[in-house]
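In the text below, chain A, chain B and the rest are named by the order of the sequence lines, each starting its count at 1.
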Amino acid sequence: MKKFKRHLVTSALPYANGPVHIGHLAGVYIPSDIYTRYLRLRGEDVISVCGSDEHGVPITIKARAEGVTPQDIVDKYHGMIKEAFKGLGIAFDIYSRTTSPTHYKTASDFFRTLYDKGEFTEQVSMQYFDPEANQFLADRYITGTCPHCSNEAAYGDQCEKCGSTLSPTDLLNPRSAISGAVPVMKETKHWYLPLERHEPFLREWILEGHKEWKANVYGQCKSWLDLGLQPRAVSRDLDWGIPVPVEGAQGKVLYVWFDAPIGYISATKELTPEWEKYWKDPETKMVHFIGKDNIVFHCIVFPAMLRAHGEYNLPENVPANEFLNLEGDKISTSRNWAVWLHEYLEEFPGKQDVLRYALCANAPETKDNDFTWKEFQTRNNNELVAVLGNFVNRAMVLTHKYFEGKVPQPGALTDYDRETLAELPPLKASLEDNVENFRFREALKDAMNIARLGNKYLADTEPWKVYKEDPDRVKTILKIALEITANLSIAIEPFLPFTAEKILGMLNTGHFNWERLGASDLMTPGSILGQPALLFDKIEDEVVETQLAKLDANRKANEAANANKNVEAQKELISFDDFGKMDIRVSTILAAERVPKTKKLLKLTIDTGIDKREIVSGIAEYYQPEALIGRQVQVLVNLAPREIKGIQSQGMILMAEEPSGKLVLMGPGEKVTSGAKIG
RNA sequence: GGCGAGAUAGCUCAGCUGGUUAGAGCGUUUGAUUCAUAAUCAAGAGGUCCCGGGUUCAAGUCCCGGUCUCGCUACCA
């Protein structure tokens, strides 16, 4: 294992279009904070950088929707996010932002270096241009009718109603979302990073050189490399972002994914004039903490950028976590299904460590996990209160009761005393191994085991009984209990910094270096302890109920909002003649089978009364083929045939679509002759 | 459909390069205890290690096939 001189820890830049929630914390910021605090405690040279990611189209759209500037949006959320992190004790050395002047210059220079080295390719393409607003339109800024489901409010990149991935030219009746004008196609030039040039290197570097990466990370990289890398655009036609620093690039900015990771570099520059040694000296170990959605950027794209530049180190590891769910459902900002950090800090003052503990103990390290308020309560009451808080309190109260709060002078140790103390060094070793390999759940258990050890020691030695016959022996016992407490304060520091601080306050000692963990001479006999205070309070059922009720209220409010949103406005009036053109018949399904190599399609053979024919329909997700045979449905029989997956689909089966996207067949309420006209 | 990751005790998870009776925490049962926030300590119960084949002296662990969950991707109304 290579030994490094210093460490650079980066945490994924939160996107400044919303606040931070528990999913972000469990996935990225709590692990990175534990890792950083651990290295600092060990006396390593380490810096931890992060900041807000403030460019990109979604921010401009949010700004437009709220009638403010993009700068207003990012100022608001950058402030909120920064405060919230600070409140939870996430100890970044710097929390910067990608709208900072340093970042503009850094990202701009970075692009220019790659440009001058010929690391980009240029490509001219046709793109929609808004003649009224006099600008090119990002995919997201073009609306029109979805070619698949006829939703009239589809975006240029996707239709949110049917979920189709679209390209702007797929849209029927495209409109500019800015001016409402009909956009025109116009030539535009963009720069691309040819990832395929770096493929041989990346293949060797990751697949051969970093087999130790987590399975999910390694697997996803391998999947991408095996599919073959494609050039990726690094510029966009947009007015919010960092201008492309090249002649003839007016109105173009760096694509947000290109500028964002450079934010790690800019933040380091703002932090220290010695930033280069953290980025360019091969003796620096760089680790990127991210969520699984960011694996490709951090393992393939950003390393390709750094390598193309030529001067920078590549990450040693990218410990990406999976996702955290909330009460059985995916966390969603737009559906307001989340526990927001800034709200938690307000509603649970002084309980930062409880959240840190719950999220670390249940972190989605190997697969998606579920956060429930019930479990949050259980972790607090049965582990923090009962095991950790209780042990510290016992040691403190007993010492105050028998020795007026003075650290007693121990006598000779028994074998059992020695055995107990001998358990500390192995716990230290295990904890270190776990943290250094990003197994924070296990590491936290190691730390908690010190408190368990302490509880067991007190139960076995029974100082409250022994005191009656042999008060001197109790001196030794309580000295050892206090040593265990002091050890505990060191071990939990990376995980529960607020609690560690409180324990040190009670012990009335200064900070201990990490290397002292495992020692049994941390407390000086004769020194005076502070007053015992409870480290954690029980969380009552009502608190859990309140939070669940709050989530439930959010869900209902959101469903109500969605119900309104999803009931489309009535279409324009048509004549009776128009209606008369449609020939809708009751038909009976005779046979049904899956269309091979598709997820949603069924091939149905139906009896329309007129004839027997085949229709392809996208209901495979909602209906089993066998269950359809014999069912009667409504069919638009005179719709022009269309070939789908090589099958002529002769007509359309009428269905109702739920807001969730679920499709429901519309059959007659009672048995009807096939071929009966509907109208 | 393709790719990736998961599937182990009621719950949340460990089990690294295959090797004695499959582990931990929480929950549960019983007992002990009272210094402590009805906290603690001990003992017990609880597992066809997703299913089916195979390799091996030996498989939770390796190989093949399948099922289910999550994600990415393709197709698609």
| request: Keeping to residues at least two apart or across chains, list the side-chain hydrogen bond (donor to acceptor under 3.5 Å, both in side chains) pairs with something in residues 386-405 of chain A. | output: A:R394-A:N455

| note | Sequence neighbours excluded, the answer for side chain to side chain contact (heavy atoms under 4.5 Å, CB included) partners of A:D472 is A:D470, A:K475

Mind listing the N/O atom pairs, protein and nucleotides 2-9 of chain B, below 3.5 Å?
residue	atom	partner	partner atom	Å
B:C3	O2'	A:S223	OG	2.7

| note | Sorted by chain and residue number, the side chain to side chain contact (heavy atoms under 4.5 Å, CB included) partners of A:Q352 (sequence neighbours excluded) come out as A:L88, A:L345, A:F498

| query | Are more than 12 heavy atoms from other residues, nucleotides or ligands located less than 6.0 Å from atom CH2 of A:W257? | reply | yes

| query | Taking OP1 and OP2 of B:G71, is either one under 4.0 Å from a side-chain nitrogen or oxygen of A:K330? | reply | yes

| said: Heavy atoms only, 4.0 Å cut-off, all strands: where does A:L535 land among base, sugar-phosphate and nothing? | reply: base

| query | What interatomic distance, in whole Å, is found between P of B:A7 and the corresponding atom of B:A14? | reply | 7 Å

| request: Quote, to the nearest angstrom, the P distance that separates B:U17 from B:U55. | output: 23 Å

| Want to know the stems of RNA chain B: at least 3 consecutive Watson-Crick or G-U pairs with distances under 3.5 Å, which are they? | B:1-7 with B:67-73, B:10-13 with B:23-26, B:28-32 with B:40-44, B:50-54 with B:62-66

| said: Once you apply a heavy-atom cut-off of 4.0 Å, does A:N390 come out as touching a base, just sugar-phosphate, or nothing? | reply: base

| Pair A:D368 + A:K330, salt bridge at N-O below 4.0 Å | no

| field | side chain to side chain donor-acceptor pair (under 3.5 Å) partners of A:R452, counting only residues at least two apart | value | A:N449

| message | What's the gap between B:A5 and B:A77 when it is taken at their C1' atoms, as a whole Å value? | response | 30 Å

| note | Sorted by chain and number, sequence neighbours left out, side chain to side chain contact (heavy atoms under 4.5 Å, CB included) with A:P31 holds for A:F289, A:N321, A:F440

| request: Identify, between A:N362 and A:Y457, the residue whose nearest nucleotide on RNA chain B lies closer to the 5' end. | output: A:N362

| task | Give the nucleotide from the list B:U33, B:C35, B:C41 with an atom nearest to the side chain of A:K456. | result | B:C41

| Under the side chain to side chain contact (heavy atoms under 4.5 Å, CB included) test, which residues partner A:V256, sequence neighbours left out? | A:D53, A:H55, A:D259

| task | Just compare B:U37, B:A36, B:C41 and give me whichever is closest to any side-chain atom of A:V397. | result | B:A36

| field | A:D446 and A:R439 ion-paired at < 4.0 Å | value | no

| message | Taking 4.0 Å as the cut-off, does a side-chain nitrogen or oxygen of A:R394 come that near to OP1 or OP2 on B:U40? | response | no

| Would you call A:E322-A:K292 a salt bridge at under 4.0 Å N-O? | yes

| field | Pairwise ring pair (Phe, Tyr, Trp, His ring centres under 6.0 Å) hits with a residue in residues 348-369 of chain A, at least two apart | value | A:Y344-A:F348, A:F348-A:W373, A:F348-A:F376

| query | What interatomic distance, in whole Å, is found between C1' of B:U34 and the corresponding atom of B:G23? | reply | 32 Å

| Between atom CG in A:N381 and atom C1' in B:A36, what is the gap in whole Å? | 16 Å

| query | Between A:H21 and A:H24, how do the two ring planes meet: parallel, tilted or perpendicular, split at 30° and 60°? | reply | parallel

| field | Whole-angstrom distance between B:C49 and B:G6, as gauged at atom C1' | value | 14 Å

| query | From B:C41, B:C35, B:U37, pick the nucleotide closest to the side chain of A:F536? | reply | B:U37

| said: Please list, in numerical order, the residues of residues 205-213 of chain A that have a heavy atom closer than 4.0 Å to any atom of RNA chain B. | reply: none

| request: For the pair A:D417 and A:R473, find out whether any cationic side-chain nitrogen is under 4.0 Å from an anionic carboxylate oxygen. | output: yes

| field | Pairs satisfying salt bridge (Lys or Arg N to Asp or Glu O under 4.0 Å), at least one member in residues 202-220 of chain A, at least two apart | value | A:R203-A:D226

| field | Separation between the C1' atoms of B:C57 and B:U69, rounded to whole Å | value | 37 Å

| said: Using every non-hydrogen atom in the two residues, find where A:I331 and A:A338 come nearest and quote the distance to one decimal. | reply: CG2-CB, 3.8 Å

| task | Find the distance A:E540:CD to B:U37:P and express it as a whole number of Å. | result | 15 Å

| Of A:K465 and A:A459, whose nearest nucleotide on RNA chain B comes first from the 5' end? | A:K465

| field | C1'-based separation of B:A42 from B:G4 [nearest Å] | value | 46 Å

What protein N or O atoms touch nucleotides 24-28 of chain B N or O atoms at under 3.5 angstrom, if any, and at what distances?
residue	atom	partner	partner atom	Å
B:A24	N3	A:K445	NZ	3.3
B:G25	O3'	A:R452	NH1	3.3
B:G25	O3'	A:R452	NH2	3.4
B:C26	OP1	A:R452	NH1	3.2
B:C26	O3'	A:N382	ND2	3.2
B:G27	OP1	A:N382	ND2	2.9

| Taking the P atom of each, how far is B:G15 from B:G52, in whole Å? | 25 Å

| query | What nucleic acid atoms does A:R441 come within less than 4.0 Å of, heavy atoms only: base, sugar-phosphate, or nothing? | reply | sugar-phosphate

